[in-house]
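Notes follow once the structure below has been shown.
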Amino acid sequence: MEKLGLGFDLILNNNLIDMYAKCGNVKLACSVFDKMPQRNVVSWTALMCGYLQNGDANASLVLFSKVGTSNVKPNEFTLSTALKASTVLGVLQNGMQIHGVCTKSNFDSAPVVGNSIIDMYFKCGRVGEAARMFDTMPVRNLVSWNAMIAGYAHERNGEEALNLFREMQEKGEVPDEYTYSSALKACSCIGVVSEGSQIHAALIRQGSSYLAQSTVAGALVDFYVKCRRIAEARRVFDRIEHKNVVSWSTLILGYAQEDNLPESMNLFHQLRESRHKVDGFVLSSLIGVFADFALVLQGKQMHAFATKVPYGLEASVANSVLDMYMKCGLTDEADALFREMPERNVVSWTVMITGYGKHGIGYKAVKLFDEMQVHGIEPDSVTYLAVLSACSHAGLIKEGQQYFSSFCSNPHSKPKVEHYACMVDLLGRSGRLKEANELIEKMPFKPNTGHWNESEKIREKVKRKGLKKEAGRSWVEINKEIHIFYNGDSTHPLIEKIHQALREMEKRMNEEIGYVHNVNFALHDVEEESKVESLRYHSEKLAIGLVLVSGGVKGERMVRIFKNLRVCGDCHTFIKGLSKVLKIVFVVRDANRFHRFENGLCSCGDYW
DNA sequence: CACCTGGTGC
């Protein structure tokens, strides 16, 4: 009787740990665990899972290390959980060590363990190791296939992901919602509209209930958004019976991507009024929209909102706020937030370095780069790109060269084409053409012709698949409203007045400071006269023209213009002249950096 | 007691 009672207690308490953990109360789960007179492997594993589910991967691994000193032997679930915890932490060495334990105990042949190992290697960037695990698994299940397809899709190797998606079905495996989600993600990263549409069509044919659920249908919305088929995305979204925050935010971002900011904001307000809770994921991506469009007011409101919700302190949310301030040109606000953030990861530091780099404040970028390492945060390849670019923009040649060589000599990192391009830029800017050439020759990639082929291939693909490439556009905020202009845009109701204002400014600048058009920046295959005309149609000039005609400069000392591509040379000269003649500061954010035009000069030093 | 789907920096 007594024995039976004890056994019941054990099962009951294990269930209690699981239940409390799943309800988000790890403390209670922990106290049950502590008070148990007797524990088995399930007790340990349940609490490890509890920590993990509640975001404390570290505590999960600490507990795992204590299993060894207890009288309990870990089983396949314990090991799988430990692997997942080290995956979340992103420490490869940790995961490899546990992989070793699995191999020694023969638990690596259990699918649940093998699947976790595959996932761990993919998330740590070891694709080869992941594939080897999959190839040598004695028993595979649906999750094994899912882990592989998800892994390749995450790696942006859509072809391999889709190969496996086909192969598993040939072998008789029936895809589930995870499989479809990853397969659709693979389709969007290849940018092949037809492949994803086929999956969509198959789901319709099967009368699949997945189309009414937010997971698969949400992935389908994302797919159409990425393929720039916003109308189709909307159709799929509208038919989801149980929408969740992810499907909402996907569509919101989709409309923003199409420059349909009114619809994007409209959906956001609908989302806020709905019963769905906005979470950290949604918040950070929406703040990303405000950053892209430099919507300072909305961005600040969202920051204020973030400080009032528990998930607002998550690094991902705080990082997006940092980035928003930087992209809006508010470096002081970004700095203040950065200093008070409780948790700063590699992205936080990279955002700051990128931001200062784009503002041409190289010394601050360099200082942060050194400081982050003192704090024990290792820069990754994006951080290096940020600091190299900052050095280039600020003319810090020596520093840039030092960082580049330390990056090259690090056995854990491999410079990519972008890093070389940045260095060539840095050397070229200081007139060290010989060194720039030497660097190009030393590159482990094929220079020029190789890139040309690659970009030709992409352009060909874009044409074939009917994808749209990003059109040049600029925008300006006047009276809290965003006005977007495309190159050659003539749709604005005030377009006549805008052109008239621009012509008047040209004339005045010509008389006062000798401004002339630089037609080298115009299209090559048009007559001289229309070249001048075509320059006047550049989106950044149109945006400035609107500021002029709407009286936006009256009483304003600063005008902010934003462009998705790089500012053109003639426009650059034009705005320099305007800043002198009108005695106004123009701040232009282009794809590459910030330009601050004041009294006829630009902060970029005419090099960008 | 478990593995696989959605978010932040180039």
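Computed from heavy atoms alone, side chains included, the values below leave out hydrogens, waters and symmetry copies. The shown structure was predicted, so the numbers you read here are calculated from the model rather than taken from an experiment. Note on naming: letters A, B, ... go to the chains in the order of the sequence lines (proteins, then strands), and numbering restarts at 1 for each one.
The CD-P distance, from Q53(A) to dC1(B), rounds to 10 Å in whole Å. Between the CD atom of E177(A) and the P atom of dG6(B) there is a distance of 13 Å, rounded to whole Å. To the nearest angstrom, P of dC1(B) lies 9 Å from CZ of F77(A). As rounded to whole Å, 12 Å separates atom P of dC4(B) from atom CG of N141(A).
Counting non-hydrogen atoms under 4.0 angstrom, E76(A) reaches nothing in the nucleic acid. Looking at heavy-atom distances under 4.0 Å, A386(A) makes no contact with the nucleic acid at all. Across all strands shown, S320(A) has no heavy atoms under 4.0 Å from either base or sugar-phosphate atoms. Heavy atoms of D380(A) sit under 4.0 angstrom from at least one base atom. When heavy atoms are screened at a 4.0 angstrom cut-off, S348(A) is found touching no nucleic acid atom at all. Heavy atoms of V112(A) sit under 4.0 angstrom from at least one base atom. Among the protein residues, Q213(A) comes within range of no part of the nucleic acid, since none of its heavy atoms lies under 4.0 Å from any strand. Among the heavy atoms of the strands lying under 4.0 Å from N244(A) is at least one base atom, whether or not backbone atoms are also near.
Using modelled atom types, one finds a donor on one side chain and an acceptor on the other under 3.5 Å when comparing N244(A) with S247(A).
A tilted orientation is assigned to the rings of H375(A) and W349(A), their planes being inclined by 30° to 60°. Ring orientation note: the planes of F407(A) and H419(A) are tilted relative to one another, at an angle of 30° to 60°.
With sequence neighbours left out, the side-chain hydrogen bond (donor to acceptor under 3.5 Å, both in side chains) criterion links S348(A) to N319(A), N345(A).
Taking the six-membered ring where the residue is Trp, the centroids of Y210(A) and Y180(A) are separated by under 6.0 Å. For F369(A) and Y403(A), the gap between ring centers is short of 6.0 Å.
Here K84(A) reaches the OP1 or OP2 of dC4(B): one of its side-chain N or O atoms lies under 4.0 Å away. Put simply, K185(A) has a side-chain N or O that comes within less than 4.0 Å of OP1 or OP2 on dG6(B). Neither OP1 nor OP2 of dG6(B) sits under 4.0 Å from any side-chain N or O of K243(A). Here K226(A) does not reach the OP1 or OP2 of dG6(B): none of its side-chain N or O atoms lies under 4.0 Å away.
E371(A) and K367(A) are not joined by a salt bridge, as no carboxylate oxygen comes within less than 4.0 angstrom of a charged side-chain nitrogen.
Side-chain proximity of K327(A) to the nucleotides dC1(B), dG6(B), dG9(B) is greatest for dG9(B).
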Once Watson-Crick and G-U wobble pairs under 3.5 Å are found, how is DNA chain B written in dot-bracket notation, 5' to 3', with | for any base paired to another strand? ..........
